[in-house]
Structure formats: structure tokens, C-alpha cells
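Single-structure report; data block below.
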Amino acid sequence: MLFKDSKILSSDITSKAIFENRRQLIKQAAAGAYGLALAPWFSRTAFANSPGLGKLKVMKSDKYSSKEEITPQKDATSYNNYYEFGLNKDEPVERAQRLQTKPWTLTVEGLVKKPMTFDMDALLKLAPLEERIYRLRCVEGWSMVIPWDGYSLSKLIEKVEPLGSAKFVEFITLADPKQMPGLNNRVLEWPYREGLRMDEAMNPLTLLSLGMYGEVLPKQNGAPVRIIVPWKYGFKSGKSIVKIRFTEQQPATSWNMAAAREYGFYSNVNPTVDHPRWSQATERRIGSGNLFSPKIKTEMFNGYGEYVANLYTGMDLRKNY
Ligand code: MTE
């Protein structure tokens, strides 16, 4: 345990959340008094139904959505991997509440014609938000079915006009020791970094997510903006990203740097290639059944083969794990 006194921590967080909520209300009143139009991001958060969260306007996306039973929201928002806030699944829900997500900017740079920095308003306006119900399969052997709210990352990529020399995309997430107690732990090299090949990043399934369950992303799930790559193990889906960089060389990624034999660059969900320390043939669905319920068979590419298998034609997926 990194922090023993979680009681002090949670009361600290509660008072901060209330304080932030009050500040929002004061801002809202001030904007109203001067007859200002509220920005979409602001007006959504102003009508929050819980501290820091707000409803999003989303369209259903049946084409890519799973028909499986959706994981209860309370499970998806309380059983998390977010090592910057601790190694235990129940830590991010408490500790991530200290994360300051406003203001936030996402800088897109590297081998592009038009490097840009987006604030959250700009990201919200960039394309209509879709609800995509995706399976998230963690490399540890559990899975969830989550309605993410966002749009294809390709929409953002098109805006910055990558150069022909751009072959990979690197995602860099926030690393702020003042806000993230988990950075004291050297289990990973910070900031948490992930990457995709350009064609993977351009695949319509790859989502820039700004919300889940029709609400702004909770902090423990990677607020205010994260990547979701549903045919890959969950660790490829970086949370709270601050930078996207286009590169010629394959970028170094945090889990690969920590244990190259266990976590490859590709990390496609693959029931036939075991993790060196456990099988990947089956998974436990969080929020349904109990510990004794039979496990579900893991599907190749997490069930998204029809959309992505062609990206790997001719590649040995045992070597490129
Ligand atoms: N992103 C950051 N920045 N830090 C992390 O520790 N964990 C990854 C991924 N993204 C992680 C991260 C892992 S291992 C998984 S399985 C998913 O986030 C979990 O996402 P969830 O908590 O929203 O289910």
C-alpha cells in the first residue's frame, strides 16, 4: 500500500469535490448575470448530477457496438487500473478525484502539416459524439462491456494532416507528481506512454473517448480524454492523454519498457498466445455472475476481427504479440 491513511484522503477529496462544485455554480451564476452564452463543455458540467460529471449528447452507433449485456456503471467506475493513482483496483476511484481536469489541453505534434493544441471545447466540437458499446479486455484476464462516448480518432488525425513519413502515433498521458501519488512507484516509466501503427490509429474502431454511459469521463476512467482500442488489451487504451505525437519510428511504450517479454507493442487480444505467466484463452466478465461463474472464451481480436484482422495479414502474431 502506498497510502495507509485512506480515511484522511477520502475526506480531503470530498471537501475538494464540494468546493469545485460550488465554484462551478458561482461561475454559472456569473455567466448568467452577464448574459453570456455558456460553452457546451461548461453548460454540461454546470448541470452535473454528481460532482464533476455531466451529461453528454450522444448518438447511438449500432455498426460497431456490442450487443452483449452492458457492465453496471458502478463496476466500470470503481474497479479500475490507473497506476498513477495506485496499484489496487479500488484506489483510483478515490484518489483520482484530486486530478484537475479543467483546464485541459491535448497537443498534437510531430510529423504533421498542422500541429495543433485542442482544449476540451474544441475536442467536443470536433465531431458528433457517438456511443460505442465496446468490450474492454484487460491483459489480466477480466473484461467489461462499456458504452464509451467519443468519435473515431481518425477525425482528429485528419485535422492535423500527417506527413507521409508518419508511420506511428504515440500517446502520452499526464504525469504530475503533485496530483498523482502513484508516480512514486517506479513500476512503470512515467509518463504512461502507448502507441499504435498509423493504420491502427486510423481504423474507425479506434476511439477518442470523452465520456462513458452518456456522461463526461469519470476521473478514475481517464478524464477528460482517453484512447480506446477495443481489439487490443486494455493497457493500450491510455487515460488522461495530453499529447499525441506522429513519428517515423515505433515509439517506446511503458508496459513494453517494463517487461518486454510480457507486453509487446501490438498486444492484440489473442486467446492462442498466452501471457508468459497465465493463459489468455478465457476471461472473467466483471459485474456479472460471481467468482465461481464459468469464464467466457476470449475471442480473437476481442471479437473485432471483421474490422481489424486485415491490418495484420502476413504477420506472425506469436512474434508480434
Ligand atoms: N492509462 C494510464 N494513464 N495509466 C494506467 O495505469 N491502465 C491501463 C489502461 N490505461 C492505465 C491506463 C489498463 S491496464 C487498463 S485494463 C485500462 O486502462 C483500464 O481502464 P478502466 O479502468 O477505464 O477500465
Side-chain angles (χ1 to χ4, degrees), residues 2 53 70-97 99 101 104 106 132-150 170-177 179-196 206-213 215-244 253-259 262-264 267-269 275 278 280 283-287 298 302:
L2 297 170
L53 296 187
I70 292 176
T71 301
Q73 189 173 5
K74 81 169 175 9
D75 293 310
T77 56
S78 60
Y79 185 89
N80 300 105
N81 271 340
Y82 198 165
Y83 277 17
E84 289 87 332
F85 294 102
L87 305 185
N88 298 317
K89 303 277 180 279
D90 58 353
E91 286 174 321
V93 63
E94 272 207 6
R95 293 194 187 162
Q97 303 317 316
L99 178 67
T101 55
W104 192 276
L106 172 60
R132 300 261 189 96
I133 304 170
Y134 281 164
R135 275 188 203 163
L136 177 96
R137 167 63 157 83
C138 183
V139 74
E140 298 163 338
W142 50 266
S143 62
M144 300 195 197
V145 179
I146 297 178
W148 299 105
D149 305 316
E170 185 179 13
F171 303 98
I172 298 153
T173 76
L174 184 74
D176 179 359
Q179 305 187 65
M180 299 172 144
L183 298 190
N184 290 330
N185 192 320
R186 295 268 143 220
V187 62
L188 290 176
E189 264 191 51
W190 312 109
Y192 192 102
R193 265 157 284 173
E194 258 311 330
L196 294 173
T206 303
L207 200 72
L208 189 81
S209 176
L210 307 171
M212 63 198 287
Y213 297 87
E215 295 177 4
V216 168
L217 271 183
K219 295 180 177 181
Q220 62 274 26
N221 293 92
V225 53
R226 76 179 289 186
I227 299 293
I228 301 291
V229 196
W231 72 95
K232 294 180 180 278
Y233 291 117
F235 69 86
K236 297 293 291 182
S237 297
K239 296 179 167 183
S240 309
I241 55 169
V242 290
K243 202 170 274 185
I244 298 181
T253 58
S254 289
W255 277 106
N256 184 250
M257 284 188 274
E262 302 187 16
Y263 311 104
S267 289
N268 294 315
V269 174
H275 185 279
W278 60 82
Q280 292 292 22
E283 64 203 55
R284 186 167 61 85
R285 187 59 53 84
I286 301 293
T298 291
N302 206 18

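Computed over heavy atoms, backbone and side chain alike; hydrogens, waters and symmetry mates excluded. Both ligands and their constituent atoms are indexed starting at 1 by order of listing. Model, not experiment: these values are computed from the prediction.
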Checklist entry - Hey, is Glu84 touching ligand 1 through its side chain, its backbone, both or neither, going by heavy atoms under 4.0 Å? => result side chain

Next on the checklist: Only heavy atoms of Leu136, strictly under 4.0 Å: list the atoms of ligand 1 that pass.
Outcome noted: 24 (O)

Checklist entry - ligand 1 and Gln220, any nitrogen or oxygen pair closer than 3.5 angstrom? => result no

Checklist entry - ligand 1 and Asn81, any nitrogen or oxygen pair closer than 3.5 angstrom? => result yes

Checklist entry - Which is closest to atom 16 (S) of ligand 1 in terms of heavy atoms, Ala175, Cys138, Pro92? => result Cys138

Checklist entry - What protein heavy atom sits nearest atom 21 (P) of ligand 1, and how far away is it? => result Lys239 NZ, 3.4 Å

Item to check | Protein contact to atom 6 (O) of ligand 1 [nearest heavy atom, distance to 0.1 Å] | outcome: Tyr83 N, 2.8 Å

Next on the checklist: Please find the pair of heavy atoms, one from Thr253 and one from Gly195, that lie closest to each other, and give the distance.
Outcome noted: CG2-N, 3.6 Å

Next on the checklist: Testing Arg137, Arg284, Arg135, Glu283 one by one against Ser143 for a side-chain hydrogen bond (donor to acceptor under 3.5 Å, both in side chains), which residue passes?
Outcome noted: Glu283

Item to check | Sidechain N-carboxylate O distance under 4.0 Å for Glu140, Lys89 | outcome: yes

Item to check | Element-labelled atoms of ligand 1 that are located less than 4.0 Å from some non-hydrogen atom of Asn221 | outcome: 21 (P), 23 (O)

Checklist outcome for this item: Thr173 heavy atoms within 4.0 Å reach ligand 1 at atoms 3 (N)

Checklist entry - Does at least one non-hydrogen atom of Ser240 fall below 4.0 angstrom from an atom of ligand 1? => result no

Next on the checklist: Test your reading of the model: is there a side-chain donor-acceptor pair from Glu262 to the backbone of Ala259, 3.5 Å cut-off?
Outcome noted: no

Item to check | Centroid separation Trp231 to Tyr134 less than 6.0 Å | outcome: no

Checklist entry - Do Leu208 and Val225 have side-chain heavy atoms sitting under 4.5 Å apart? => result yes

Checklist entry - In terms of ring plane angle, is the pair Tyr233 and Phe235 parallel, tilted or perpendicular, where the classes change at 30° and 60°? => result parallel

Next on the checklist: Can you confirm whether Ile244 sits close enough to Glu170 that some side-chain heavy atom of one is under 4.5 Å from a side-chain heavy atom of the other?
Outcome noted: no

Item to check | Test of ring centre spacing under 6.0 Å for Tyr83 and Tyr192 | outcome: no

Checklist entry - Does any N or O atom in Ser237 lie less than 3.5 angstrom from one in ligand 1, N or O only? => result yes

Item to check | Shortest reach to atom 8 (C) of ligand 1 by a heavy atom, considering only Tyr82, Trp148, Tyr192 | outcome: Tyr192

Item to check | Contact with ligand 1 for Arg226, non-hydrogen, under 4.0 angstrom | outcome: yes

